[in-house]
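Report on the following structure.
All heavy atoms count here, side chains included; hydrogens, waters and symmetry mates do not. Proteins come first, then strands; the chains are lettered A, B, ... in the order of their sequence lines, and each starts at number 1.
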Number of protein chains: 2
Amino acid sequence: MAQPGTARGAGSRPGRARPRSVSVKDVAATAGVSIGTVSNVLNRPDRVAAGTRAKVEAAMTELGFVRNESARQLRAGRSSAVAYVMLDATNPFFTDVARGIELTAEKADLSVFICNSGNRPEREHAYLDRLEQQRVQGILITPIDPADPMLAEVAARGIPVVLVDRTSDVARHCSVAVDDVSGGELAARHLLELGHERIAFVGGPASLGQVRERLDGARRAVASAGLPQDRLTVLVSAELTVAEGRHAAQLLAGLPASQRPTGAVCANDMVALGLLQQCVTLGLRVPDDLAIVGYDDIDFAAAATVPLTSVRQPRLQLGETAADLLIDEASNPDHQHRQVVFTPELVVRGSTRRPA
Amino acid sequence: MAQPGTARGAGSRPGRARPRSVSVKDVAATAGVSIGTVSNVLNRPDRVAAGTRAKVEAAMTELGFVRNESARQLRAGRSSAVAYVMLDATNPFFTDVARGIELTAEKADLSVFICNSGNRPEREHAYLDRLEQQRVQGILITPIDPADPMLAEVAARGIPVVLVDRTSDVARHCSVAVDDVSGGELAARHLLELGHERIAFVGGPASLGQVRERLDGARRAVASAGLPQDRLTVLVSAELTVAEGRHAAQLLAGLPASQRPTGAVCANDMVALGLLQQCVTLGLRVPDDLAIVGYDDIDFAAAATVPLTSVRQPRLQLGETAADLLIDEASNPDHQHRQVVFTPELVVRGSTRRPA
DNA sequence: GGCCGAGTTTGAAACCTTTCAACGAAGGGA
DNA sequence: TCCCTTCGTTGAAAGGTTTCAAACTCGGCC
């Protein structure tokens, strides 16, 4: 079998030096055609005579030719990839968003680089740097801070940046998000419509925009049901974890039954699951003593001891739409930035029911 | 502010044509030095006189210069990135492995591309193709089929391939895995040592090597406890899901108490959680009526209604070691392939106890 | 004053692919 | 027979970076 670059001879080190990889030049030499023809076989096979094409293809297989993407990109001026910088790879929500992005990108014949900032700003910055150096077609990102000036700088240098699950007040990027106010409203209204008249909201910290908005939604639902706001008990948690949900259950169980809320809206499913589990442990029946609504509809929500009613966000669609916006921005000269907001949907399961 | 490539003038289309990005050439022109000097500022700043360096750096900032990674790679012959092709991005196990890989790669100043095959062979192949075209330094992969000839081909073309959480019978790649036999043994032995004498193994399908080995381990534990193998009831499930775990609970609950196992070893935590939840629903107490051991120690294991005893695999370390092996293979001419096998560890929680 | 060497800077080549104008050959029509 | 077309193929240039031998500058020394 022919070796690439035989002119080089045995190379410098006698050991296991990595052999230069096979290039179009090697293929052309083996097939007895010019470099241009090899390139045509790769990019416009219809312009090459059948016999020639066969010869070239045979040479490629024989030599084990693999296109050099760097050289292609250099010539093309940009890569055929986009990137998604995600906030937290261990959160199923974001992996589903990523899947949506991949689906759309695949259709447009783009690769997707998934990068995980893991909530660390320095890693986010390092990835943005690298991606810009790679000349990616565009960057999808769920940023740690949507107002980070670096995002604006990258965009200013001509690389499309789309915010995912976040909004930007300035219309400098496209963005795709889900309406958290209406999600919170949806959850609370469901309980109110079932006849619950005392409701708890469990979640925090208040510094999270998403938590604040979901709570606002719940308040709005209480108001439009014509009930006074003191019917909504707010239990602020330190974070959105199972442990904090359990803690909330302790607090609720400690209340006299006459004052205890009969329904709870949780800021996410982890909290809801903790609440649910601890209620079971403490002997509070779900949904009879306490109806529970979660948020996110993670897979575990449906699989809990009592299947959890939850607010579902269109995760896949979030990713798909974000990728669509990015592709438009990258390829359409008349692109206009858009802020897309999805409406969440309620999935009713066994954890909610008319109060006993 | 100076524009790159002013010679080009207003370009072809009047609209918002993407401007050519700034190159070393532009920087050199602005700073009034040669291209070589700019390159030296980037790569060997100590060889450049302080004044010159300052001029060049000023020009870079002024023009917004960003290195072109394609051109660097083309010159260097390979990229400064490695890739991890993971089997299932929605499984927390793999995202933790990925984190371990990132940790190690970061230290070696390598980027990591995370690719998700999602258990689909055609996507795995597409990613392998792309990665090879990118000339990555090496590929870490949890393959759908460790015997896939494509892995051998890639390796034969000189790209290091390391198998993660899988082993290869042929010593063609390095591999990193966890000893599933000893994990299964660990779980079963724990129950036996607590005094359980009838044990169930729940998991499947049998086509999964991991399931088979965990079962083998359980069998071994039963044997070394001096008990006959019929004390081990094997419930083969169709897949490793919560739903299948629930199903197993139905089967167990249907047995007369005298024959019913008092302890269960599950092939993973999802199955264990389903088993646990359905037991609670059916009124079987855990751990009093049935002690349960899971496998993987996912975060939800500790957060279940009854915290789950589980077999923990060193996920982070798995990734770190795999990356170390890859880096060695890519840079050390005397590299020898190695098959590293980790030993899992048992985490005891509330779901196991001495039988009533 | 001329020479040497250290410290800087330069210019050109190389990496591999794609593109495109131009060339050659073959076939058809006048 | 000659010209025109069409189809295939070629050769060279371009894209941005890195590397390296060569050139240059300056100070010091003989």
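Taking atom CG of A/Leu74 as the reference point, atom P of D/dG15 lies 9 Å away to the nearest angstrom. Rounded to whole Å, atom P of C/dA12 lies 17 Å from atom CG of B/Asn40. Rounded to whole Å, atom P of D/dC7 lies 11 Å from atom CG of A/Asp46. Atom NZ of A/Lys55 and atom C1' of D/dT9 are 11 Å apart (whole Å). Atom CD1 of B/Ile35 is separated from atom P of D/dA21 by 19 Å (rounded to the nearest Å). C/dC16 atom C1' lies 9 Å from atom NZ of A/Lys25, rounded to whole Å. Between the CG atom of A/Leu42 and the P atom of C/dC16 there is a distance of 15 Å, given to the nearest Å. If you measure from atom CZ of A/Arg47 to atom C1' of C/dA22, you get 14 Å, rounded to the nearest angstrom.
Salt bridge status for A/Arg130 with B/Glu69: absent, with no side-chain N to carboxylate O gap under 4.0 Å.
Note on B/Asn68: every side-chain N or O is 4.0 Å or more away from OP1 and OP2 of D/dT17. Between B/Arg72 and C/dC15 there is no side-chain N or O to OP1 or OP2 distance below 4.0 Å. Between B/Thr37 and C/dT10 there is a side-chain N or O to OP1 or OP2 distance below 4.0 Å. Between D/dG8 and A/Thr52, no contact under 4.0 Å exists linking OP1 or OP2 to a side-chain N or O. OP1 or OP2 of C/dT19 sits under 4.0 Å from a side-chain N or O of A/Arg44.
Among the protein residues, A/Ser70 comes within range of no part of the nucleic acid, since none of its heavy atoms lies under 4.0 Å from any strand. When heavy atoms are screened at a 4.0 angstrom cut-off, B/Val38 is found touching no nucleic acid atom at all.
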